[in-house]
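Quick caveat, the model's predicted, so the values are computed rather than measured. Each residue takes its place number in the sequence, starting with 1.
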Amino acid sequence: MCLIVVGWHAHPAYPLVVAANRDEFLARPAVPAHWWTDAADLLAGRDLEAGGTWMGLSREAGGTWMGLSRGGRFAALTNYRDPTLHRPGAPSRGTLVRDCLTGNDDADRQLRKVAEVSAQYAAFNLLVSDGRQLGIHESTTGAVRMLDPGVYGLSNHVLDTPWPKVKLARERFTAALGRLPDTDAFLALLRDDEPAPDHHLPETGVSADWERWLSPAFIRAPGYGTRCSTLILLDHGGNVTFREWSWNERGEFASEVAHRFTVASGG
């Protein structure tokens, strides 16, 4: 993921609300969110860069950027944008998300286990919830912390870095919470493709053109862009709504999937 906004106990009826965009190279193969055949309790998209086919993938054939489990676990990862931290040959960070979703430890312990090995990977941020806690590990700082109720924004830097798109997305997300159960405003904020003014652009080590292309919530850049947008709602009854919209190489609607389920008791 390249933009995640999370409402954690920020709405009286929905303890978890997530709006997120996955930005990726257009040629990188992936499949939309589905219940995995080799991890039946895991609902997530799948990165196929490591090989394999659509069905019957082996454990090593691909990870994910974000997902949920039937037991109510949630995990999502963003890359940290700094070309000097690039690590050729590092293992896939998508396996970290998968392992957090299929694990049994509480969120704090799960993230601390990841922190013990995160130096092996290219830089990242990882959000994990076990249904009772929501926490984050930032590999660049080494920090593991549990989050208080509130609205949080995460892009390709540490949590709540005041990049223009993060600030705007948090503001619009907070307003959209007040309109639930109507969800149109969440998709609208994820589809915002207006670049930030040049004088507000961050300096992350890429060119000025790329800073500009990467500055809106919805990205359209040469060979790269927003591939899918996701909305997750979890209510106090354990009822989950998971909607995902996929976009083609021109940023136009390609497909949508919707999944609804109730968190398994004792999960």
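E211 contributes a side-chain N or O that, together with a main-chain N or O of T204, makes up a donor-acceptor pair within less than 3.5 Å. Using a distance-only test at 3.5 Å, with no hydrogens or angles considered, no donor-acceptor pair links the side chain of D193 to the main chain of I219. Judged by distance alone, with hydrogens and angles left aside, the side-chain atoms of N248 form no donor-acceptor pair with the main-chain N or O of A254 at under 3.5 Å. Side-chain N or O atoms of R212 include none that pairs as donor or acceptor with a backbone N or O of P195 at under 3.5 Å. With R98 contributing its side chain and G67 its backbone, the two residues share no donor-acceptor pair below 3.5 Å. Remark: the backbone N or O of L3 is not paired with any side-chain donor or acceptor of S155 at under 3.5 angstrom. Using a distance-only test at 3.5 Å, with no hydrogens or angles considered, no donor-acceptor pair links the side chain of D23 to the main chain of F218. No side-chain donor-acceptor contact under 3.5 Å links H9 to the backbone of L16. S215 places a side-chain N or O within 3.5 Å of a backbone atom of A196 that can act as its donor or acceptor partner. In this structure a side-chain-to-backbone donor-acceptor pair under 3.5 Å is present from H236 to P12.
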H137 vs V128, side chain to side chain contact (heavy atoms under 4.5 Å, CB included): CA-CA, chis, key distance, verdict: CA-CA 8 Å; H137 170 53; V128 174; over 6 Å; no
Derivation of the side chain to side chain contact (heavy atoms under 4.5 Å, CB included) call for H157 and V166: CA-CA 10 Å; H157 204 266; V166 175; over 6 Å; no
Stepwise salt bridge (Lys or Arg N to Asp or Glu O under 4.0 Å) check, R28 with D47: CA-CA 8 Å; R28 189 177 180 112; D47 180 13; 2.6 Å; yes
Steps toward side chain to side chain contact (heavy atoms under 4.5 Å, CB included) verdict (W163, L214): CA-CA 11 Å; W163 286 359; L214 297 173; over 6 Å; no
Ring pair (Phe, Tyr, Trp, His ring centres under 6.0 Å) assessment of W35 paired with F261: CA-CA 11 Å; W35 292 102; F261 67 100; 5.1 Å; yes
Test ring pair (Phe, Tyr, Trp, His ring centres under 6.0 Å) applied to Y80 and F124, step by step: CA-CA 5 Å; Y80 186 97; F124 67 90; over 10 Å; no
Side chain to side chain contact (heavy atoms under 4.5 Å, CB included) assessment of Y224 paired with W213: CA-CA 9 Å; Y224 187 90; W213 286 325; over 6 Å; no
Steps toward salt bridge (Lys or Arg N to Asp or Glu O under 4.0 Å) verdict (R73, D41): CA-CA 10 Å; R73 298 179 73 88; D41 290 338; over 6 Å; no
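The shortest distance between side-chain heavy atoms of H34 and V257 does not fall below 4.5 Å.
A cation-pi contact links R191 to W247, judged by a cut-off of 6.0 Å to the six-membered ring centre and 45° from its axis.
In the hydrophobic clustering of this structure, V97 groups with V117; members are Ile, Leu, Val, Met, Phe, Trp, Tyr whose side-chain heavy atoms approach within less than 4.5 Å, directly or through other members. Linking ILVMFWY residues whenever their side-chain heavy atoms come closer than 4.5 Å, directly or via other members, leaves W36 and M66 in distinct clusters. By the criterion of side-chain heavy atoms lying less than 4.5 angstrom apart, applied directly or through intervening Ile, Leu, Val, Met, Phe, Trp or Tyr residues, L134 is not grouped with V114; the two fall into different hydrophobic clusters. In the hydrophobic clustering of this structure, L177 groups with L190; members are Ile, Leu, Val, Met, Phe, Trp, Tyr whose side-chain heavy atoms approach within less than 4.5 Å, directly or through other members. V17 and F74 fall into different hydrophobic clusters, where Ile, Leu, Val, Met, Phe, Trp and Tyr side chains are chained together by heavy-atom contacts under 4.5 Å.
Here the CZ-OG1 distance, from R260 to T262, works out to 11.5 Å after rounding to the nearest 0.5 Å. Separation of atoms OH (Y152) and CZ (R170) is listed at 8.5 Å; rounding is to 0.5 Å. Atom SG of C2 sits about 11.5 Å away from atom CZ of R227, to the nearest 0.5 Å. With rounding to the nearest 0.5 Å, the separation of CG in L96 from OG1 in T64 is 12.0 Å. Atom CG of L201 and atom CG of D209 lie 10.5 Å apart (nearest 0.5 Å). One distance of note links CZ of R145 with CG of D108; it measures 13.0 Å at 0.5 Å rounding.
Annotation for L101 and A75: closest pair CD2-N, 3.5 Å, computed over non-hydrogen atoms. Of all heavy-atom pairs spanning Q110 and N104, the tightest one is OE1-N, 4.2 Å. Of all the heavy atoms in Q120 and P91, the pair that sits closest is O-CD, 3.4 Å. The two atoms that bring A33 and F242 nearest to each other are CB-CE2, 3.4 Å, heavy atoms only. Contact record, W65 with V31: CH2-O, 3.9 Å, taken as the closest heavy-atom pair. Contact between S129 and G131 at its shortest, heavy atoms only, is OG-N, 3.0 Å.
Only one option out of R172, K165, R220 pairs with D192 in a salt bridge (Lys or Arg N to Asp or Glu O under 4.0 Å); it is R172. Tested against I136, the residues V158, L154, L126 include a single side chain to side chain contact (heavy atoms under 4.5 Å, CB included) partner, L154.
Summarising the local packing, CG of D198 is surrounded by more than 12 heavy atoms from other residues, nucleotides or ligands at distances under 6.0 Å. A 6.0 Å sphere centred on CD of E116 holds more than 12 heavy atoms belonging to other residues, nucleotides or ligands.
N156 and T78 form no side-chain donor-acceptor contact under 3.5 Å, judged by distance and modelled atom types alone.
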List the atom pairs, with distances to 0.1 Å, where a side-chain N or O of residues 178-187 and a protein N or O form a donor-acceptor pair under 3.5 Å, not counting sequence neighbours.
unit_1, atom_1, unit_2, atom_2, d
D182, OD2, D184, N, 3.4

